[in-house]
Amino acid sequence: MNPTILAIESSCDETSASVIQNGQVLSNIVATQAIHEQYGGVVPELASRAHQQNIIPVVAQALQKANIAKSELDAVAFTRGPGLLGALLVGCSFAKSFALGLNLPLIEVNHMQAHILAHFIEDPKPKFPFLCLTVSGGHTQIVLVRDFLDMEVLGQTTDDAVGEAFDKSAKLLGLPYPGGPMLDKLAASGNPDRFQFPIVNLDGYDYSFSGIKTSILNFVKKNSAAEPDFVHHNLADICASIQSALIQTLMKKLVLAAKDLGIKEIAIAGGVSANSGLRATLQDYAKRLGWNVYIPGFEYCTDNAAMIAMAAHFQYLAGDFTDQYASPDPRLKV
Ligand code: KG4
Ligand code: ZN
């Protein structure tokens, strides 16, 4: 079996389509929705509308770049969830109509599972069993991955996701949306030991990131009262210190899980795995603890349809198809 699959991702603010043939990604087109920048966050209704506008050209480009005709496709895949309901509905409805029109089988993909399976797009690939720290704007999970489609969530955030913590911290410092990448950039020239922010340590492998916002808010208020330009003058050090606290929080539980399970194959996935501080810290731990660390290529870290296509490839081989009754699930679990 060497299936050719068209995959669609529309869970949040990226409209993306990808073509995969026999497990090789032939194209991965991503249309980022700039409309949300002026609102400082994703506006769900605007995201749905932008998906509707983008989906046809994005799919056409993905097929064209892959040099694949519609008649050559063996299946159509889409993100079923988790994500924004209206946004998911666009990709799901499009995939269903496309499949119906061409008489193709449909595959529904879990977005979080796909973030993890992005590791199988390029070499080197992790060996089973491995641990994956999935860190995005909506999720923070430590997942035990036994096989392509056999995953177990060991721990997760009990409140905000770490990506949300990055974005909200950045907003409190007056940085434009999305704040995560900007905070990362500024942190590169700052001193991470200059200021102390809380490193929350819950029981087991769970996380909590909501407290750091309050601590930053109080920190900014207190220091700005004494010196109005405090944030501006110390921006790089503040960013580096916040980033360091978030990374240390993430690493504590990951190290614990790796130790408890005796696993040295460690992967990271999701938008926050683009963070340069987290990447460097992981490499550092890899040296010290003898881990093999796997980080997907940048374009496969943030939301993209290539990871949906990769997941769909494994599901196709496993005979895991859905039908025209499929519907999005905003809270779909791994
Ligand atoms: O996986 P993703 O693209 O979308 C979701 O499924 O949520 O993740 C987006 C999140 C955002 O919170 C964004 O700020 C964060 O990933 N992010 C970063 C970086 N690049 C993206 N956070 C910190 N440093 C970065 N370099
Ligand atoms: Zn994502």
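Note that these values count all heavy atoms, side chains included, but never hydrogens, waters or copies made by symmetry. Read the numbers this way: they start at 1 and go in the same order the structure lists the ligands and their atoms.
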Does a donor on one side chain sit under 3.5 Å from an acceptor on the other, for [X] and [Y]?
X      : Y      : value
Glu9   : His111 : yes
Lys333 : Asn110 : no
Ser244 : Gln248 : yes
Ser16  : Asn304 : no
Asp303 : His115 : yes

- request: Report yes if Glu164 has an N/O atom closer than 3.5 Å to an N/O atom of ligand 1; otherwise report no.
  value: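 No - when backbone and side-chain N and O of Glu164 are compared with those of ligand 1, no distance drops under 3.5 Å.
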field: Distance-minimising heavy-atom pair for Leu250 and Tyr207
entry: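 It is O-OH, 2.6 Å.
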Min heavy-atom dist Cys12 to ligand 1 below 4.0 Å: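 Flag not set, Cys12 not near ligand 1.
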At what distance is the nearest protein heavy atom to [atom], and which residue and atom is it?
atom                    : answer
atom 3 (O) of ligand 1  : Asp303 N, 3.1 Å
atom 23 (C) of ligand 1 : Asn275 ND2, 3.4 Å
atom 15 (C) of ligand 1 : Val272 CG2, 3.9 Å
atom 17 (N) of ligand 1 : Gly271 O, 3.7 Å

- request: Spell out, as yes or no, whether a donor-acceptor pair under 3.5 Å connects the side chain of Asp147 to the backbone of Asp150.
  value: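 Flag not set: sc Asp147 to bb Asp150 has no pair under 3.5 Å.
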- request: Look at the side chain of Lys65 and the backbone N and O of Asn28, then say whether any donor-acceptor pair between them is shorter than 3.5 Å.
  value: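 No; zero donor-acceptor contacts below 3.5 Å.
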query: Relative to each other, are the rings of Phe195 and Phe230 parallel, tilted or perpendicular (30° and 60° limits)?
result: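 Correct class here is perpendicular.
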May I ask you to list the atoms of ligand 1 that are less than 4.0 angstrom from any heavy atom of [X]?
X      : value
Gly138 : 7 (O)
Ser136 : 1 (O), 5 (C), 6 (O), 7 (O), 8 (O)
Gly163 : 12 (O)
Asp184 : 24 (N), 25 (C), 26 (N)
Ala274 : 20 (N), 26 (N)
His111 : 6 (O)
Gly137 : 5 (C), 7 (O), 8 (O), 9 (C), 10 (C), 12 (O)

message: One residue to check: His139. Relative to ligand 1, which of side chain, backbone, both or neither has a non-hydrogen atom less than 4.0 Å away?
response: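 It is neither; nothing of His139 touches ligand 1.
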- request: Please work out whether any backbone atom (N, CA, C, O) or any side-chain heavy atom from C-beta onward of Glu14 is under 4.0 Å from ligand 1, and answer side chain, backbone, both or neither.
  value: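 It is neither; nothing of Glu14 touches ligand 1.
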- prompt: Is Arg331 salt-bridged to Asp329, going by a charged N under 4.0 Å from an acidic O?
  reply: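 Looking at Arg331 and Asp329, the cut-off is not met.
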message: Suppose we screen for ring-ring contact (aromatic ring centres under 6.0 Å, His included). Which residues come up paired with Tyr177, at least two apart in sequence or across chains?
response: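 With sequence neighbours excluded, Tyr177 shows a ring-ring contact (aromatic ring centres under 6.0 Å, His included) to no residue whatsoever.
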- prompt: Which option out of Asp167, Val42, Asn304, Val30 puts a heavy atom nearest to atom 12 (O) of ligand 1?
  reply: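 Answer by nearest heavy atom: Asp167.
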task: Can you figure out which of Gly83, Gly180, Ala269, Gly179 has its heavy atom closest to atom 18 (C) of ligand 1?
output: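 Minimum heavy-atom distance to atom 18 (C) of ligand 1 goes to Gly180.
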Heavy atoms from other residues, nucleotides or ligands near NZ of Lys70 exceed 12 (cutoff 6.0 Å):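 Result for NZ/Lys70: open.
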message: Are Phe130 and Tyr294, when compared by the centres of their aromatic rings, separated by less than 6.0 Å?
response: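 When the ring centroids of Phe130 and Tyr294 are compared, they turn out to be at least 6.0 Å apart.
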message: Strictly under 2.8 Å of the Zn ion (ligand 2): which protein N/O/S atoms qualify?
response: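 Protein N, O or S atoms closer than 2.8 Å to the Zn ion (ligand 2): His111 NE2, His115 NE2, Asp303 OD1.
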field: Test applied, side-chain hydrogen bond (donor to acceptor under 3.5 Å, both in side chains); reference residue, Thr322; option that passes from Gln315, Lys96, Glu108
entry: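 It is Glu108; the other options fail the test.
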